[in-house]
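Side chains included, hydrogens not; waters and symmetry mates left out as well; all remaining heavy atoms used. Throughout, a chain's letter reflects where its sequence line sits, starting with A, and its residues are numbered from 1. This structure is a prediction, so every number in the text was calculated from the model and none was measured.
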Amino acid sequence: MPAPASLPALLLDWYDRHHRRLPWRAPPGGRAEPYHVWLSEIMLQQTTVAAVGPYFTRFLDRWPNVTALADAPIEDVLAEWAGLGYYARARNLHKCATVVRDDYAGRFPETEEGLLALPGIGPYTAAAIAAIAFDIPATPVDGNFERVMARMHAVETPLPDAKPELKQLAAALTPEHRPGDYAQAVMDLGATICTPRKPKCLTCPWSAPCAGRIAGIAEELPKKKKKAPKPTRKGVAFWIANGRGEVLLRRRPPIGLLGGMVEIPSSAWRKEEQPLNRALAEAPVRTEWTKLPGMIRHTFTHFHLELEVYRGRATGSKPVDCFWHPVEKIGEAGLPSVMAKIAKHALRHT
DNA sequence: AACTCGTGGAG
DNA sequence: TCTCCAAGAGT
């Protein structure tokens, strides 16, 4: 009578039969490039595989290695990242590339601790790169890992309080053999079988030993604390054209919300409705304004935004902190999504 | 420790 | 429409 397969072995067997071919994964039998693993893991932070795909391909096409990325102007990196969100990732991505170029001769450090010290690389990403690129038995505990462990061990403590316990349970299970494939297997399991809603326990390779399934509470796990409701902020955006088919844009301050990104100038975004003349006084130029119909609605991580759009023409010199950009090339301006939404709305009413 | 920081798809 | 949420990190 053969001994029952270990949990990791069970999952690796499932992974070998079901794993998805993704642009950043090495072909079967091949070795994953640290640069590819790093770039994909940064992009995948709080971001879906579907959203990352085209960005990863474009970055790799434009900057085929970490030194090329480090040599690029930060403005180019931010423009290429536009639309993917969480722009501090792009700022830290470029900073990290320069550190790897200048302090590590263009090669990523091959230890979890070394990776953890780099900008934009936290506990999850350091473990992911270590395991996937360097075959180190590290445990990258992401949302998938937490959900799978909470169910497997029927942990009823709500997140985020349960994080230390879930991390410990995950680490105790990490195999010495194929740790990178194992980590990706757990994440694939969480993404396709052990999903937040309606987990497919009938086809799960870990169904038999799963305490959450046995107790009939798998779908209720992990428990989470309730989130605070999002407030709404309001403002006025300014679509300002000149006589040469150009629109006035501006670069935001280098930190904070949309830090370093190109924007369509707007008034401050306030919690309360503001008098129109106060908002217009915050425009980068003084001119005659036409209110465009409708409104822009956009939701950020922690607040809703409502923007009215006013169109105007600039005749004099441009404000010092702004620049002109051809309207027909607005798609290449590197606008974050909320700004692209404003531009689309303005062009529809021009 | 709690808060900030985007976006688009799913239900 | 509205909430949830996806391979988290920095402060």
Side-chain angles (χ1 to χ4, degrees), chain A residues 19-20 22-25 32 36-56 78 81-93 95-96 115-133 138-148 159-161 163-164 166-167 170 180-192 194-198 219 222-233 252-261 263 297-305 335-341:
Chain A
H19 93 285
R20 302 175 286 174
L22 299 174
W24 45 87
R25 281 188 178 162
H36 298 185
V37 176
W38 166 69
L39 181 59
S40 66
E41 289 298 342
I42 300 297
M43 289 183 165
L44 285 163
Q45 290 168 5
Q46 298 289 286
T47 308
T48 58
V49 166
V52 165
Y55 282 86
F56 178 82
L78 289 174
W81 196 277
L84 197 54
Y86 283 142
Y87 298 99
R89 292 185 296 172
R91 303 195 297 269
N92 285 327
L93 184 83
K95 199 177 305 176
C96 182
L115 290 161
L116 188 57
L118 294 171
I121 297 184
Y124 163 79
T125 306
I129 299 171
I132 299 169
T139 314
V141 182
D142 70 332
N144 290 307
F145 247 99
E146 289 180 341
R147 184 170 57 257
V148 171
L159 287 170
D161 293 353
K163 279 177 177 290
L166 295 173
K167 187 167 187 171
D181 284 344
Y182 169 75
Q184 293 179 91
V186 174
M187 293 190 273
D188 273 13
L189 188 73
T192 62
C194 196
T195 48
R197 284 167 299 208
K198 305 283 183 188
E219 188 168 4
K223 297 187 176 181
K224 297 191 174 185
K225 287 184 176 176
K226 298 204 169 154
K227 300 170 183 175
K230 298 179 200 281
T232 298
R233 296 186 197 172
R252 292 175 65 87
I255 58 171
L257 184 67
L258 308 177
M261 300 300 290
E263 71 172 350
R297 295 176 188 282
H298 191 80
T299 298
F300 292 103
T301 309
H302 54 293
F303 67 93
H304 303 289
L305 179 64
L335 296 179
S337 291
V338 61
M339 299 298 160
K341 206 182 284 188

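- Close to C:dA6, at under 4.0 Å from its OP1 or OP2, lies no side-chain N or O of A:Q46.
- With hydrogens and angles ignored, a donor-acceptor pair closer than 3.5 Å exists between the side chain of A:T301 and the base of B:dG6.
- Scanning both residues, A:I129 and A:I121, for their nearest heavy atoms gives CD1-CD1, 4.0 Å.
- The nucleotide whose nearest atom lies closest to any side-chain atom of A:K227 is, among C:dA6, C:dC4, C:dG8, C:dC4.
- Counting to the nearest Å, the C1' atom of B:dG6 and the CD1 atom of A:I255 are 17 Å from each other.
- Of the options A:W81, A:W38, A:W24, a ring-ring contact (aromatic ring centres under 6.0 Å, His included) to A:F56 is made by A:W24 and by none of the others.
- Whole-Å rounding puts the A:L93 CG to B:dC5 P distance at 20 Å.
- Contact check, A:R147 against C:dA6: a side-chain N or O comes under 4.0 Å of OP1 or OP2.
- Residue A:V52 is out of contact with every strand shown, counting any heavy-atom pair closer than 4.0 Å.
- To the nearest whole angstrom, the two P atoms, one in B:dC5 and one in C:dA6, are 22 Å apart.
- Going from atom CG of A:L39 over to atom CG of A:L93 covers 6.0 Å, rounded to the nearest 0.5 Å.
- When each of C:dG8, B:dG11, B:dT7 is scored by its nearest atom to the side-chain atoms of A:R197, the top-ranked nucleotide is B:dG11.
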Report task. Please lay out, stage by stage, how A:Y124 and A:Q45 fare under the test side-chain hydrogen bond (donor to acceptor under 3.5 Å, both in side chains). Result -> CA-CA 9 Å; A:Y124 163 79; A:Q45 290 168 5; over 6 Å; no

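- The separation between A:Y124 atom OH and C:dA9 atom C1' is 13 Å, rounded to whole Å.
- Look at CZ on A:R233: it is 14 Å from C1' on B:dG6, rounded to the nearest Å.
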Report task. Could you check A:Q46 against A:R89 for side-chain hydrogen bond (donor to acceptor under 3.5 Å, both in side chains), going step by step and ending with a plain yes or no? Result -> CA-CA 11 Å; A:Q46 298 289 286; A:R89 292 185 296 172; over 6 Å; no

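- Under 4.0 angstrom from either OP1 or OP2 of B:dG6 there lies no side-chain N or O belonging to A:T47.
- Side chain of A:H302, nearest nucleotide from C:dG8, B:dG8, B:dC5: B:dC5.
- Considering only the side chain of A:Q45, C:dG8 comes nearest among C:dG8, C:dC4, B:dT7.
- Of all the heavy atoms in A:R20 and A:A191, the pair that sits closest is NH2-CB, 4.0 Å.
- Of the residues in residues 81-88 of chain A, those with a non-hydrogen atom less than 4.0 angstrom from any atom of DNA chain B are A:G83, A:L84, A:G85, A:Y86, A:Y87.
- The side chain of A:T48 lies closest to C:dA6 when the candidates are C:dA6, C:dA9, C:dC4.
- Of the residues listed (A:K224, A:K223, A:K225), the one engaging A:D161 in a side chain to side chain contact (heavy atoms under 4.5 Å, CB included) is A:K225, and it is the only one.
- Contacts of A:S40 with the nucleic acid, taken as non-hydrogen atoms under 4.0 Å apart, are absent.
- Heavy atoms of A:P123 sit under 4.0 angstrom from primed sugar atoms or phosphate atoms, though from no base atom.
- Residue A:M261 contributes atom CE, which lies 21 Å from atom P of B:dT4 at whole-angstrom precision.
- Comparing A:H298 and A:P160, the nucleotide of DNA chain B nearest to each residue sits closer to the 5' end for A:P160.
- Side-chain contact of A:K341 with A:H298: a donor-acceptor pair under 3.5 Å is present, judged by distance alone.
- Using a 4.0 Å heavy-atom criterion, one finds that A:P119 contacts the sugar-phosphate atoms exclusively.
- C:dA9 and B:dG8 have their P atoms separated by 22 Å, with the value rounded to a whole Å.
- What separates NZ of A:K225 from C1' of C:dC5 is a distance of 19 Å, to the nearest Å.
- Atoms CG (A:D188) and P (C:dA6) sit 14 Å apart, rounded to a whole Å.
- Picking from C:dA9, B:dC5, B:dG11 the nucleotide with the shortest atom distance to the side chain of A:L257 gives B:dC5.
- Contact annotation: the side chain of A:K167 never approaches that of A:T139 to less than 4.5 Å [non-hydrogen atoms, C-beta and beyond].
- The interatomic distance linking A:D142 (CG) with C:dA6 (C1') rounds to 9 Å, in whole Å.
- Residue order along DNA chain C, read from the 5' end via each residue's closest nucleotide, puts A:K230 first among A:K230 and A:V141.
- Across all strands shown, A:R20 has heavy atoms under 4.0 Å from base atoms, whether or not it also approaches the sugar-phosphate.
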